[in-house]
Amino acid sequence: MTNTLNQSREYVVPGDKPTATQYAVDHFVKCAQEAIEKRGRFTCALSGGHTPKAIFETLAMPEFRRAIDWDKVYVFWSDERAVGPDDEMSNYKMAMDAGLKGLVNKNNVFRLKGEGNLPQHADEYEAIIDEELKEDPFDVIMLGMGGDGHTASLFPNTPGLRINDRKVIVNQGPTKDSRRLSMTFSYINTARNIVLYVMGKEKAETVKRVFTDPSADFPVQHVGTPSNKALWILDEEAASLL
């Protein structure tokens, strides 16, 4: 059962971290099965982080890999660091190494390039999205939340928070001299399923403020709309102050 404390977001607390992670896996599988049944394919934009990694590792297990027709899965990324595909900090590398490399048809994997000319790669990624999805929204966009309330690579007090006429942008990273690639809020909010995975006691205070403090102003609060709510999947520790 989902709970709603805000017109733009709802949340579910399945239990402790392993239970919440399994719920996230089951939700991903359900979204994929429904999309393939209704539209013949499943399009998803992945994120980095510990919970997505655990989700990918679980999906690669024999009992789950058969639950999805992986030849009909199309994989993109919601953000990426300014690194190459073999860098240990790469969201792409993490997902592939966690199990997706053996699941998804390589022709259906669309890497967000983090090396080289970032503005050019942002433009190219928008063109790829337009070509592959046409006017169709993503079936799932996966997100997380940092302790500072950032999501994707949309950090507090950065220019990317105000851009609403692009799908993919270059944005300032968490440090003054770093840059990232990220989908924008306006594009994230078009997805059929906007899902945030937030786990751990260290996230509890931020979660509480996001949902209950009218004066709070975190980037993640721009995710979801009244007509297209974001689903937050929380473990008991992250939800402990709600």
Side-chain angles (χ1 to χ4, degrees), residues 1-12 14 20-49 51-52 55-56 58-59 64 67-80 91 95 100 103-105 108-110 112 125-145 151-154 163-169 182-198 210 219-234:
M1 179 179 177
T2 57
N3 302 276
T4 303
L5 291 177
N6 179 278
Q7 61 180 355
S8 297
R9 64 190 77 96
E10 56 190 10
Y11 72 93
V12 60
T21 302
Q22 185 58 58
Y23 182 97
V25 171
D26 293 339
H27 179 264
F28 185 92
V29 170
K30 179 183 177 183
C31 289
Q33 290 174 339
E34 288 181 351
I36 292 169
E37 180 180 352
K38 292 179 180 178
R39 293 175 292 278
R41 67 173 183 172
F42 173 58
T43 57
C44 55
L46 311 181
S47 68
T51 301
I55 291 171
F56 306 148
T58 303
L59 289 169
F64 287 98
I68 298 174
D69 185 348
W70 288 98
D71 283 338
K72 296 177 180 176
V73 175
Y74 292 72
V75 172
F76 297 75
W77 274 262
S78 57
D79 76 314
E80 185 57 276
N91 288 339
L100 291 191
L103 295 174
V104 183
N105 185 318
N108 297 346
V109 175
F110 301 93
L112 180 52
Y125 213 58
E126 281 202 6
I128 290 170
I129 290 170
D130 289 341
E131 180 179 353
E132 294 296 326
L133 273 67
K134 311 303 182 191
E135 297 299 318
D136 203 35
F138 273 98
D139 292 308
V140 167
I141 292 184
M142 302 172 65
L143 300 168
M145 184 195 74
T151 191
S153 284
L154 299 167
I163 298 175
N164 56 24
D165 59 349
R166 293 288 306 266
K167 295 181 176 72
V168 182
I169 58 170
S182 181
M183 289 184 174
T184 59
F185 288 125
S186 58
Y187 189 56
I188 287 169
N189 288 336
T190 67
R192 289 189 176 92
N193 295 277
I194 312 162
V195 191
L196 289 106
Y197 313 112
V198 183
V210 165
V220 74
Q221 289 174 276
H222 297 281
V223 175
T225 68
S227 61
N228 190 26
K229 291 182 172 61
L231 173 64
W232 291 55
I233 299 176
L234 309 171

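- In this structure, the separation between CH2 on Trp70 and CG on Leu103 is 5.0 Å, given to the nearest 0.5 Å.
- Note: Ile169 CD1 to Asp79 CG = 10.5 Å, rounded to the nearest 0.5 Å.
- Every pair passing salt bridge (charged side-chain N to carboxylate O under 4.0 Å, His left out) that includes a residue from residues 125-140 is listed here, sequence neighbours excluded: Arg39-Asp139, Glu126-Arg166, Asp130-Lys167, Asp136-Arg192, Asp139-Arg192.
- Applying the side chain to side chain contact (heavy atoms under 4.5 Å, CB included) test to Asn108 and every residue at least two apart in sequence or in another chain returns Tyr74, Val104, Asn105.
- Heavy-atom minimum distance, Pro137 versus Ala191: CB-CA, 4.3 Å.
- Residues passing the side chain to side chain contact (heavy atoms under 4.5 Å, CB included) test with Gln22, sequence neighbours excluded: Val25, Asp26, Thr58, Phe64.
- With a 4.5 Å cut-off on side-chain heavy atoms, Glu37 and Asp69 do not count as touching.
- Of all heavy-atom pairs between Ile68 and Ala32, the closest is CD1-CB, 3.8 Å.
- Remark: Tyr197 pairs with no residue by the ring pair (Phe, Tyr, Trp, His ring centres under 6.0 Å) rule, at least two apart or across chains.
- Under the side chain to side chain donor-acceptor pair (under 3.5 Å) criterion, Thr184 pairs with Ser186, sequence neighbours left out.
- Remark: Asn164 engages no residue in a side chain to side chain donor-acceptor pair (under 3.5 Å) (not counting sequence neighbours).
- Trp232 places a side-chain heavy atom less than 4.5 Å from the side chain of Val210.
- Note that CG of Leu154 and OG of Ser78 are 9.0 Å apart. Values are rounded to the nearest 0.5 Å.
- The structure places CE of Met183 at 8.0 Å from CG of Leu112, a figure rounded to the nearest 0.5 Å.
- For the pair Leu231 and Glu10, the minimum side-chain heavy-atom distance is below 4.5 Å.
- Side chains of Asn189 and Val223 form a contact here, defined as non-hydrogen atoms less than 4.5 Å apart.
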Derivation and outcome, side chain to side chain contact (heavy atoms under 4.5 Å, CB included), residues Met142 and Val195: CA-CA 5 Å; Met142 302 172 65; Val195 191; 5.6 Å; no

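- For Thr225 (side chain) and Ser8 (main-chain N/O), no donor-acceptor pair under 3.5 Å exists by modelled atom type.
- For Thr190, there are no side chain to side chain donor-acceptor pair (under 3.5 Å) partners two or more places apart in sequence or in a different chain.
- Of the possible polar contacts, one joining the Arg9 side chain to the Gln221 backbone as a donor-acceptor pair under 3.5 Å is found.
- Looking only at side-chain heavy atoms (C-beta outward), Phe76 and Ile141 stay at 4.5 Å or farther from each other.
- For Pro14, the side chain to side chain contact (heavy atoms under 4.5 Å, CB included) partners two or more places apart in sequence, or in a different chain, are Val12, Thr19, Ala20, Tyr23, Ile233.
- Side-chain contact between Val198 and Val220 is absent, with no heavy atoms from C-beta onward closer than 4.5 Å.
- Note that CH2 of Trp77 and CG of Asn91 are 9.0 Å apart. Values are rounded to the nearest 0.5 Å.
- Remark: Asp71 pairs with no residue by the salt bridge (Lys or Arg N to Asp or Glu O under 4.0 Å) rule, at least two apart or across chains.
- Scanning for ring pair (Phe, Tyr, Trp, His ring centres under 6.0 Å) contacts around His27 gives an empty result, with sequence neighbours left out.
- Phe138 contributes atom CZ, which lies 10.5 Å from atom CD1 of Ile188 (distance to the nearest 0.5 angstrom).
- Listed by chain and number, the residues in a side chain to side chain contact (heavy atoms under 4.5 Å, CB included) with Ala67 are Val29, Gln33 (sequence neighbours excluded).
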Residues Phe42, Val140; criterion side chain to side chain contact (heavy atoms under 4.5 Å, CB included); working and verdict: CA-CA 8 Å; Phe42 173 58; Val140 167; 3.7 Å; yes

